[in-house]
Amino acid sequence: LALAMVVLQNILGAGLATAFGLDPRLGLATGSIPMVGGHGTAGSFGPLLEDLGVANANVVAIASATFGLVAGCAIGGPIATGKIKKFKLHSAEMSAEGGFETEDAGKIDSKRFLDAVLALIIAIGFGTIVSMLLGKLMTFPFYIGAMLVGAVIRNVADAAKKELPMEEIGVVGGFCLSVFLGLAMIDMKLWQLAELALPLVVMLAAQTVLMFLYANFVVFNVLGRNYDAAVMTTGFCGFGMGATPNAMANMQAVVGQYGPAPTAFMVVPLVGSLFIDFLNATILTGFINFLG
């Protein structure tokens with residue numbers, strides 16, 4: 001489902017860009033680059049497109065990613081709530097009294113922050129080498145290498161029954177993302193968007209409508225039309241137009257009111273934070289080469 005969304009977003013973006021007389025590759029900067037990819041992919045592919053001669057691609061990608069963060073949350077909650085109420089869905093873990101037990105969030109240990117930072121440094125360091133090797137084969141965003149090494153570290157730790165400081169890694173990663181977004185925003189030349197105002201508004205509105213229709217009529221039905229499917233649908237909107245933290249926020253808002261959805265919380269982060277980014281980069285490379 002996520003792969004199909006990537007293809008649809010890019011076809012829609014490139015098609016509308018062509019209709020407006022723009023470089024179709026600029027449409028990718030409103031497609032899966034900022035939507036499924038988020039700010040990380042936008043920060044990697046935006047400069048790449050500009051190097052290939054696509055004017056204003058970076059600022060369009062970053063602006064579109066920012067829009068996607070808001071739009072993904074705005075449509076995700078109402079879709080899930082509507083499905084839950086319409087089909088009278090409920091969590092499988094509801095108690096006999098009709099309530100549900102909430103789990104305590106993971107506690108952060110300040111003593112483990114150094115381990116978290118070291119794990120990230122190792123992933124980034126070796127990931128840089130992996131990215132350089134991958135770059136000789138095809139164009140990938142530079143963070144893919146670190147993501148792959150991070151996945152290896154996590155799997156090795158699990159196999160060795162060694163606990164990683166995941167809560168602390170999440171906090172450090174979130175802080176670094178905030179710094180990155182701040183630097184990206186500062187570097188944006190928004191005045192360059194003046195002449196693209198109308199096309200950009202139309203393309204982003206079209207992406208929002210596409211996600212709403214796809215999530216509402218396809219994702220929910222294919223995933224089983226049950227409570228977990230409703231929660232996964234709101235998560236799909238979150239990472240399909242923004243980032244995995246958006247997906248988690250969407251799902252947490254729903255389960256906080258209607259009860260736990262363990263399947264959703266297992267599937268969505270796995271797809272949204274690992275597999276789809278790698279495959280999105282591969283598909284984008286194909287689109288860029290084809291449209292170029």
Donor-acceptor pair, [X] side chain versus [Y] backbone, under 3.5 Å?
X: K83; Y: N216; value: yes
X: S32; Y: L28; value: no
X: Y258; Y: T81; value: no
X: N250; Y: G72; value: yes
X: Q207; Y: T30; value: yes
X: D23; Y: V54; value: no
X: T234; Y: A230; value: no
X: Q9; Y: L210; value: no

Group every Ile, Leu, Val, Met, Phe, Trp and Tyr by side-chain heavy-atom contacts under 4.5 Å, then state whether [X] and [Y] land in the same group.
X: V149; Y: F275; result: yes
X: M5; Y: L270; result: yes
X: M266; Y: V222; result: yes
X: V152; Y: I122; result: no
X: L134; Y: I124; result: no

Got a second to check how far [X]'s [atom1] is from [Y]'s [atom2], nearest 0.5 Å?
X: L69; Y: F67; atom1: CG; atom2: CZ; result: 10.5 Å
X: S44; Y: N58; atom1: OG; atom2: CG; result: 10.0 Å
X: N280; Y: F45; atom1: CG; atom2: CZ; result: 7.0 Å
X: L1; Y: T233; atom1: CG; atom2: OG1; result: 9.0 Å
X: I84; Y: I79; atom1: CD1; atom2: CD1; result: 12.0 Å
X: K111; Y: E168; atom1: NZ; atom2: CD; result: 12.5 Å

Looking only at non-hydrogen atoms, find the nearest pair between [X] and [Y] and report the distance.
X: T66; Y: H39; result: OG1-NE2, 3.0 Å
X: G46; Y: A57; result: O-CB, 3.8 Å
X: G224; Y: A229; result: N-CB, 4.2 Å
X: N246; Y: C73; result: ND2-SG, 3.3 Å
X: G27; Y: M203; result: CA-SD, 4.4 Å
X: A14; Y: L291; result: CB-CD1, 3.9 Å

Test side-chain contact (heavy atoms from CB on, under 4.5 Å) applied to S64 and L200, step by step: CA-CA 8 Å; S64 299; L200 187 58; 3.8 Å; yes
Does any part of the side chain of T263, heavy atoms only, come nearer than 4.5 Å to the side chain of Y227, both counted from C-beta?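 Not touching, per the 4.5 Å side-chain cut-off.
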Is the shortest side-chain heavy-atom distance between V267 and L223 below 4.5 Å?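 SC-SC contact between V267 and L223 ruled out.
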So, F87 versus F220, ring centres under 6.0 angstrom or not?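 Close enough - the centres of the two rings lie under 6.0 Å apart.
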So that I know where these two stand, are F236 and F239 an aromatic pair - ring centroids less than 6.0 Å apart?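 Close enough - the centres of the two rings lie under 6.0 Å apart.
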For F212, does the CZ atom sit with more than 12 other heavy atoms under 6.0 Å from it, leaving out its own atoms?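 No, the 6.0 Å shell around CZ holds no more than 12 heavy atoms from other groups.
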So with a 6.0 Å cut-off around CZ of F113, is the heavy-atom count from everything else above 12?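 Enclosed.
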Hey, mind stepping through M232 and V219 against side-chain contact (heavy atoms from CB on, under 4.5 Å) and telling me if it holds? CA-CA 8 Å; M232 282 189 280; V219 176; 5.8 Å; no
Between L284 and N10, does the side-chain contact (heavy atoms from CB on, under 4.5 Å) criterion hold? Intermediate values first, please. CA-CA 8 Å; L284 281 168; N10 289 325; 3.7 Å; yes
Take K162 and I153, measure what side-chain contact (heavy atoms from CB on, under 4.5 Å) needs, and give me the verdict at the end. CA-CA 10 Å; K162 298 291 185 180; I153 292 174; over 6 Å; no
